[in-house]
Amino acid sequence: MPSLKSLRLRINSVKSTRKITSAMKMVAAAKLRRAQEQAQAARPYAERMERMLGSLSASFAGNEGAPALLAGNGRDKTHLVVAVSSDRGLCGGFNGAIARYVRNKTKRLIAEGKTVKILGVGRKARDMLRRDLAGLIAPGSDELGRVVVFGRAQDAARRVAQMFEAGEVDVVTIVYNRFKSVISQIVTEQQLIPFAPPSADKASGDKAKAGASGADLAIYEYEPDEAEILAKLLPLNLSVQVFRALLESTASEHGARMTAMDNATRNAGDMIDRLTLNYNRTRQAMITKELIEIISGAEAV
Amino acid sequence: MADTVEFELVSPERLLLSRAVEMVVVPGEEGDFGVLPGHAKLISAVRPGVIEVYEGDKVTDRIFVAGGFAEVTAERCTVLAEIAVPVAEIDRGRVEQDLRNLIDELAAAKSDDDRASVASKIAVAEGMLQVVSAAR
């Protein structure tokens, strides 16, 4: 049976752990609200952007001169997977889910005979994937920083674009946790290059159909001209989509951390109850034992 | 046909405006254009300038935008701006201060990339100043 002193020490240590986890929960809750607002505020922009690009790409469908960022470079050999994670841990299965998804995807792609490169955004992605996929991680993976700013997304997007233009990669996908609710984050995969409007994913298999609806959309006028607008819009779209992924991921991270810390706080509470019960019982047993010793001593006299 | 257009102005940070209006004047890359209901479908780049929203023959909102794109269809007009600030919220002193800082930054910038990004920021700040001085 553990001594009273060691029990007391454990109770105290669990109590301070509980203080820390509950403080972290509060901090996550406060940050979550901000991140959530930011993520939701950014959604309309990204959606409009997607819609605009969707109609633009429809008007370019079947056109030879379509820019590479839009139509891809015709190859399907090297895949770049951008894994968005957090900088810090202690947020439940948040980073694990991303790492698992990326690992499976990588295995699948390699099994298909393709080359895979990984660009980690956020420190945890790199740390977690380094163990078994070290050779695949592209240089330039780095930390997220404390606050998500558009400039940060632009940097990441620029790096992706550079790799694409240099012919190092052919297809780019981004994997991030989409924020659904505080307790539920969904690992989402989005193709960045070539551009694929998510709504048109299924229709793209049926080229004839896409062409028919494209004709309806293709009567836009362009000012200055299509090529010039596309040249500006495509890199911007890349940044915007990365930015959105970062924001969603940040909101998800805080949500996941809040849930994880809430659970940890509750577990610590349960543990304290159990330990306290144990402590009291031990104390009582000691008292009883001492009483028996005194009484039997007195009887012996 | 409805006599209003659904006007939406979004920046990466937020949705600034989304409502039905009578007319919007957008500073396009190749000149300002007004959008009334039933406008031809158009996608245009936007240069730094002021978007004016008209309701009942009066300007109800003036918003400074810096770069972006406008998508116009018969029923709606969507402006995706990289930066969007209502003219009333521009703080002249701050912009002037920013501009001075940026000019210093330009002098300190080393690579061409840095210089280009600072130069575009300067253009935005100058555009803002122009708008503010014109309003007063």
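Keep in mind that this is a model prediction, so the values were computed, not measured. Quick note on labels: first sequence line is chain A, next is B, and so on, each numbered from 1. What you see below is based on every heavy atom in this structure, not just the backbone, and it leaves out hydrogens, waters and symmetry mates.
No more than 12 heavy atoms of other residues, nucleotides or ligands sit less than 6.0 Å from atom CD1 of A:I183. When the shell of 6.0 Å around CZ of A:R33 is examined, it contains 12 or fewer heavy atoms from other residues, nucleotides or ligands. More than 12 non-hydrogen atoms from other residues, nucleotides or ligands lie less than 6.0 angstrom from CZ of A:R43.
B:S11 touches chain A through its backbone: at least one of N, CA, C or O sits under 4.5 Å from a heavy atom, while the side chain does not.
Here B:A45 is the residue among B:A45, B:S18, B:G28 with the most heavy-atom pairs under 4.5 Å with chain A. Ranked by non-hydrogen atom pairs under 4.5 Å with chain B, the options A:L236, A:V240, A:L247 are led by A:L236.
A distance of 12.0 Å separates CD of A:E47 from OG1 of B:T78, quoted to the nearest 0.5 Å. Expressed to the nearest 0.5 Å, how far CZ of A:R48 lies from CG of B:L9 amounts to 10.5 Å.
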